[in-house]
Colleague: 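Below: one structure in structure tokens.
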Amino acid sequence: MVKENCGVVGIFSLDGANVIPMVIDALRALQHRGQEAWGIAVPKKQPYKQLGLVSSGVADFDKVTREYESSAAIGHVRYSTMGKSNLENAQPLKVKDLCVAHNGTISNAEELTGMVGGCTFTPQNVSDTLIAAQRLVTLMSENGKLGNALSILKNEMVGSFCFTFVSDDNSVYAARDPKGFRPMVLGYRKDNNTYIVASESAALSAMGAQLVRDVKPGELLKISPTGLESEMFSQEKKYAHCSFEFTYFAHPSSVMEGSNIYLARKRIGQFLARKFAIKDADIVIPVPDSARPAALGYAQELGVPFEEGLLKDRYSRKGPLRSFIEPHQSDRVEINRWIIPITQVISGKHVVVVDDSLVRGTSSKAIIKALRRAGARKISMVITFPQIQFPCYAGIDFPSQDELVTYMGDGRKYSEEEITEKVRQLIGADFLGYNDAKNLAAAVGMDENSMCFTCSSGDYSTLGIKPMFKTRAEVRGE
Ligand code: SF4
């Protein structure tokens, strides 16, 4: 099954301005949410799609702006959590007179397949977005409006979604799932009377628009020639905002649920320094790039110098890319291979390395090895996210449970301390400390109960499922 996380945007200009240049700017600003493919859809046309980074299509921007000219459009950058990175799986997708872009994962898409008919399920080539869109269109034909269809679909689906839609009757819609797993914001640009809905406010900043507010979990927005309308398709009160967005996924400039991501990460570092006050440290360094603000906060709180001890080679083929969201292990390894230590900064020091997460352990192991080669006297590693022990069914591609570095594999229940010690030995650090949910939520300034920590707690009650964990081979249908 092809599953998606990603970045989405939907734009409508009430002044009739051509919104395509704004969609392109927004997608470039959302590139950190997906670097495999991108696309744009307008009413009454097949979507335009390209593989690779948005910037790699720069030669075609003028042509696309002319040929797809429209005051209503949606866009998408793709990060597949499974499946092939081909153009067919790129989004937006068109089903009848509705184009759809999706950020999230629909974990029971196989079940939904049975409800849409005419769709033969084959792992690797069916997209959960396509199945959800087909089901949505069926429900709309039976129940009239999109809001009615979503209120039914939300009960049939397991997973997370932020959708943007553009319809052939020239309306843009945006919907956020009832738990608010994935982020979505509403913005406005005054000079051309344009509404924008996007995964993150970084997209609004890129086009000179103002952040109006977060889209509410369970809210459907419609933007059409008559203006902006809002309706709730769910009255859910218990939210589950993804905590991983705050430590890794989101752009530092974005504001999410009222918190700026850069400042939130810096505070996470400060709170971590209180949890793990490594007083004999000589320097604090980040693993580039997402952990940088947290390392700065950690260093400032502890009163230890912050240094850039590891630098990412931005000029290698994959240098500018984010390793975690690369679909293939070989590419992740290549990106991490080009994180180079600065010997003169590291040599002879007790180094505290701050990273945003520890998933498979391969990159941490490589980084610690490189720091030892650069002459580090002692290496302590602190992780801004809690221990990841369970798969995510709400839009982030953590590996299957058996691929996680925390997996013990013998069926016995291990304490958090025992797991930390096993991981510490495996990556070769002198000390390893993980953040915890309470500390992370307090640093972000949110109620812990309004955030999702399922991948560390194993409590899937917010999704209403008790998953049967599969190996990677089983997940791929091999
Ligand atoms: S399980 Fe983890 S990664 Fe997935 S939505 Fe929850 S916090 Fe985010």
Side-chain angles (χ1 to χ4, degrees), residues 3-8 32-34 79-82 102-108 128 154 157-162 176-184 199-200 214 217-218 236 238-251 254 256-257 259 261 264-265 268 290-291 322-325 327 355-360 383-401 403-407 416 434-444 446-470 475:
K3 297 181 178 178
E4 321 282 346
N5 195 7
C6 310
V8 296
H32 61 283
R33 299 188 70 83
Y79 142 48
S80 69
T81 59
M82 237 173 278
H102 173 217
N103 170 27
T105 292
I106 295 156
S107 295
N108 67 332
D128 58 344
K154 74 164 171 48
M157 280 186 343
V158 174
S160 65
F161 61 86
C162 278
R176 189 177 183 195
D177 75 60
K179 301 278 187 195
F181 282 105
R182 308 262 70 85
M184 189 173 237
S199 294
E200 290 183 37
D214 291 296
E236 182 71 57
K238 183 158 176 10
Y239 301 151
H241 304 304
C242 172
S243 50
F244 196 59
E245 292 274 359
F246 289 90
T247 58
Y248 172 78
F249 215 79
H251 193 274
S254 287
M256 214 168 260
E257 315 305 332
S259 289
I261 296 295
R265 285 181 189 161
I268 291 170
S290 325
R322 302 185 94 182
S323 66
F324 173 75
I325 62 171
D355 204 354
D356 53 62
S357 54
L358 220 166
V359 185
R360 298 168 185 84
I383 309 293
T384 63
F385 198 73
Q387 270 179 7
I388 297 167
Q389 292 190 46
F390 301 91
C392 173
Y393 289 84
I396 301 287
D397 182 28
F398 292 139
S400 58
Q401 201 183 21
E403 291 170 294
L404 292 168
V405 69
T406 52
Y407 185 66
E416 206 179 308
Y434 283 97
N435 207 352
D436 61 82
K438 202 176 158 79
N439 205 37
L440 199 161
V444 172
M446 284 173 70
D447 176 0
E448 186 186 337
N449 294 317
S450 71
M451 299 178 87
C452 176
F453 287 101
T454 297
C455 47
S456 73
S457 69
D459 176 4
Y460 287 87
S461 58
T462 45
L463 282 168
I465 55 168
K466 281 194 181 155
M468 294 280 292
F469 299 123
K470 295 176 178 176
V475 173

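This structure is a prediction, so every number in the text was calculated from the model and none was measured. Note that ligands are numbered from 1 as they come in the structure, with each ligand's atoms numbered from 1 the same way.
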Colleague: Would the distance check show the side chain of Arg182 and the main-chain N or O of Glu245 forming a donor-acceptor pair, the cut-off being under 3.5 Å?
Modeller: no
Colleague: Listing by chain and number, what protein N/O/S atoms are under 2.8 Å from atom 6 (Fe) of ligand 1?
Modeller: Cys452 SG
Colleague: Is the gap between the ring centers of Phe385 and Tyr248 under 6.0 Å?
Modeller: no
Colleague: What pairs with Phe161 under ring-ring contact (aromatic ring centres under 6.0 Å, His included), at least two apart in sequence or on another chain?
Modeller: Phe163
Colleague: When you compare the side chain of Phe246 with that of Met451, does any pair of heavy atoms fall below 4.5 Å?
Modeller: yes
Colleague: Of the non-hydrogen atoms in Arg265 and Phe249, which two are nearest, and what is the gap between them?
Modeller: NH2-N, 3.8 Å
Colleague: Between Glu236 and Arg176, is there a side-chain N and carboxylate O pair less than 4.0 Å apart?
Modeller: no
